[in-house]
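Throughout, residue positions are numbered sequentially from 1 according to the sequence presented.
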Amino acid sequence: MRIDETLLNEAKAYAAKNGRSLTSVMEDALRQLLNRSTEVAQRPRVELITSPCEPGYHAWVQQRLDAGDKLEHIAYDLDNAERFPEVFDAPR
C-alpha cells in the first residue's frame with residue numbers, strides 16, 4: 001500500500017498526539033469511510049418541493065424595472081404599501 005508522505009506524516013502526528021498507534025488510527029479512518037458509504041446508501045431520498053409559478057417578476061414590477069426603477073426602490077414601495085394601504089390604494 002502506498003500513502004502520500006504528507007498524509008502519512010499527518011496521521012502519525014495525530015496518532016502520537018492522541019496516544020494511539022498509527023494502525024488504530026488508519027483502521028478507524030477506514031471504518032468511518034466504509035460506514036459513511038453504507039449510511040449514504042440507506043438514507044431516504046429527499047423530495048424537493050417545486051413551485052408551479054413561472055420565473056420572473058410580477059407584471060407591475062417588470063414595468064417599473066423596464067422604466068428604470070431599481071428593485072430595492074420597488075421593494076421599499078411594496079413594504080410601504082403593505083404598511084400603509086390607505087396611501088397606496090391604486091391597483092398595481
Side-chain angles (χ1 to χ4, degrees):
M1 174 169 46
R2 294 183 194 153
I3 299 176
D4 176 71
E5 190 173 327
T6 304
L7 180 60
L8 182 59
N9 289 335
E10 288 179 27
K12 286 179 182 179
Y14 179 87
K17 181 176 137 188
N18 290 286
R20 298 175 58 189
S21 70
L22 179 60
T23 301
S24 72
V25 168
M26 296 184 84
E27 285 175 349
D28 281 352
L30 188 55
R31 271 192 204 94
Q32 287 179 16
L33 176 67
L34 295 173
N35 287 339
R36 192 175 336 142
S37 63
T38 303
E39 290 170 3
V40 170
Q42 294 173 350
R43 194 177 307 161
R45 184 181 171 123
V46 174
E47 293 291 329
L48 298 178
I49 299 170
T50 58
S51 172
C53 298
E54 293 293 320
Y57 300 106
H58 284 282
W60 67 270
V61 174
Q62 189 62 54
Q63 288 172 351
R64 287 189 59 182
L65 288 170
D66 293 342
D69 284 352
K70 291 186 175 185
L71 189 56
E72 62 191 75
H73 296 149
I74 298 169
Y76 180 80
D77 290 346
L78 179 61
D79 183 46
N80 282 336
E82 291 172 351
R83 288 188 288 152
F84 306 107
E86 65 279 358
V87 177
F88 295 88
D89 57 0
R92 294 190 183 258

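Cluster membership for W60 and Y57, using ILVMFWY side-chain heavy atoms within less than 4.5 angstrom, is shared.
Residue pairs satisfying the side chain to side chain donor-acceptor pair (under 3.5 Å) criterion with at least one member in residues 45-56, sequence neighbours excluded, are absent. Within the structure, side chain to side chain donor-acceptor pair (under 3.5 Å) pairs that include any residue of residues 17-30 comprise R20-S24, R20-D28, S21-S24, D28-R31 (at least two apart or interchain).
Between L22 and L8 the shortest heavy-atom distance is CD2-CD1, 3.8 Å. Smallest separation of non-hydrogen atoms from I74 and V61: CD1-O, 4.0 Å. Between A15 and V25 the shortest heavy-atom distance is CB-CG2, 3.6 Å.
Annotation: side chain to side chain contact (heavy atoms under 4.5 Å, CB included) contacts of L34 (sequence neighbours excluded): L30. In this structure, E72 has no salt bridge (Lys or Arg N to Asp or Glu O under 4.0 Å) partners at least two apart in sequence or on a different chain. Remark: N35 engages no residue in a side chain to side chain donor-acceptor pair (under 3.5 Å) (not counting sequence neighbours).
For the atom pair CD1 (I3) and NZ (K12), the distance works out to 9.5 Å, reported to the nearest 0.5 Å. Residue E5 holds its CD atom at 5.5 Å from CG of N9, rounded to the nearest 0.5 Å.
Cluster note: V46 groups with L48 through ILVMFWY side-chain heavy atoms spaced under 4.5 Å, whether in direct contact or through intervening members.
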